[in-house]
Amino acid sequence: MTASRPQELPAIIDIEASGFGAGSYPIEVGYYLPGGEMYCSLIRPEPGWTHWDSGAEKVHGVSREILQQHGKPAAEVAGHLNRKFRGQTLYSDAWGADYAWLGRLYDAVDLVPSFRLKDLREILGDCEMTNWHATRAAVELRLQLRRHRASGDARTLFETFAETRKRCRPDWNI
């Protein structure tokens, strides 16, 4: 893949959801930015967001009760993302699913994202794609994150990107 590559590190977003497929909705949004800024927020389900997959709950460890108690309103989360990323591009490793879940979030509160969401693979070269899985495993081992949560996943993706880019393009300054 020979896509244009930004000279800076990308902003990474990750979304956890109530499950997969029709009816699933976002339950948590997290991002990790160049410079180390990190954000994570649970999202209180909107009326009508009823789909729940117990298998997904086992992966992310967030129950519906936790969302009701600690989740922020969807409008607050969408507003934060719009203010923070107006005109910018965010990258996701699960673009199809994350795009759908962001759509569900924004539709629920009658807003439109002020930023673009792109697939992280668009900015990976062949060498980076080849080394991605091994590098990600090494990053996960080094970070020792205990929970499968959106901000931790975004950080893992960010650091995997930086390490593969550095390995594949030693002249690249990060």
Backbone N/O of [Y] and side chain of [X]: donor-acceptor pair under 3.5 Å:
{"X": "Tyr32", "Y": "Gly152", "answer": "no"}
{"X": "Arg104", "Y": "Pro26", "answer": "no"}
{"X": "Ser18", "Y": "Tyr25", "answer": "yes"}
{"X": "Asp119", "Y": "Asp93", "answer": "no"}
{"X": "Trp95", "Y": "Leu120", "answer": "no"}
{"X": "Arg44", "Y": "His70", "answer": "no"}
{"X": "Glu140", "Y": "Ala137", "answer": "no"}

Looking at [Y] and [X], is any side-chain nitrogen of the basic one under 4.0 Å from a carboxylate oxygen of the acidic one?
{"X": "Lys84", "Y": "Glu37", "result": "yes"}
{"X": "Glu163", "Y": "Arg167", "result": "no"}
{"X": "Arg149", "Y": "Glu16", "result": "no"}

Indicate yes or no: at least one non-hydrogen side-chain atom of [X] is less than 4.5 angstrom from one of [Y].
{"X": "Pro34", "Y": "Phe158", "answer": "yes"}
{"X": "Phe85", "Y": "Tyr31", "answer": "yes"}
{"X": "Pro45", "Y": "Gln68", "answer": "yes"}
{"X": "Leu105", "Y": "Ile43", "answer": "yes"}
{"X": "Glu28", "Y": "His60", "answer": "no"}

Supply the atom-to-atom distance [X] [atom1] to [Y] [atom2], rounded to the nearest 0.5 angstrom.
{"X": "Ser92", "Y": "Leu102", "atom1": "OG", "atom2": "CG", "value": "8.5 Å"}
{"X": "Arg169", "Y": "Thr164", "atom1": "CZ", "atom2": "OG1", "value": "10.5 Å"}
{"X": "Leu33", "Y": "Ile12", "atom1": "CG", "atom2": "CD1", "value": "9.5 Å"}

Who pairs with [X] by side-chain hydrogen bond (donor to acceptor under 3.5 Å, both in side chains), at least two apart in sequence or on another chain?
{"X": "Arg64", "answer": "none"}
{"X": "Asp14", "answer": "none"}
{"X": "Ser151", "answer": "none"}

Next item on the list: Any pair with a residue in residues 107-133 that passes ring-ring contact (aromatic ring centres under 6.0 Å, His included), sequence neighbours left out, goes on the list, sorted by first then second residue, please.
Entry: none

Next item on the list: Please name all residues satisfying disulfide bond (SG atoms under 2.5 Å apart) with Cys40, sequence neighbours left out, ordered by chain then number.
Entry: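 Here no residue qualifies.
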
Notebook entry, point to check: Is the OH atom of Tyr99 crowded by more than 12 outside heavy atoms at less than 6.0 Å?
Noted result: no

Checklist line | Apart from Leu143 itself, residues in the same hydrophobic cluster as defined by side-chain heavy atoms under 4.5 Å | finding: Val139, Leu145

Notebook entry, point to check: Side-chain donor-acceptor pair under 3.5 Å between Thr156 and Arg136, yes or no?
Noted result: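 There is no such pair (donor and acceptor under 3.5 Å, judged by atom type) between the side chains of Thr156 and Arg136.
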
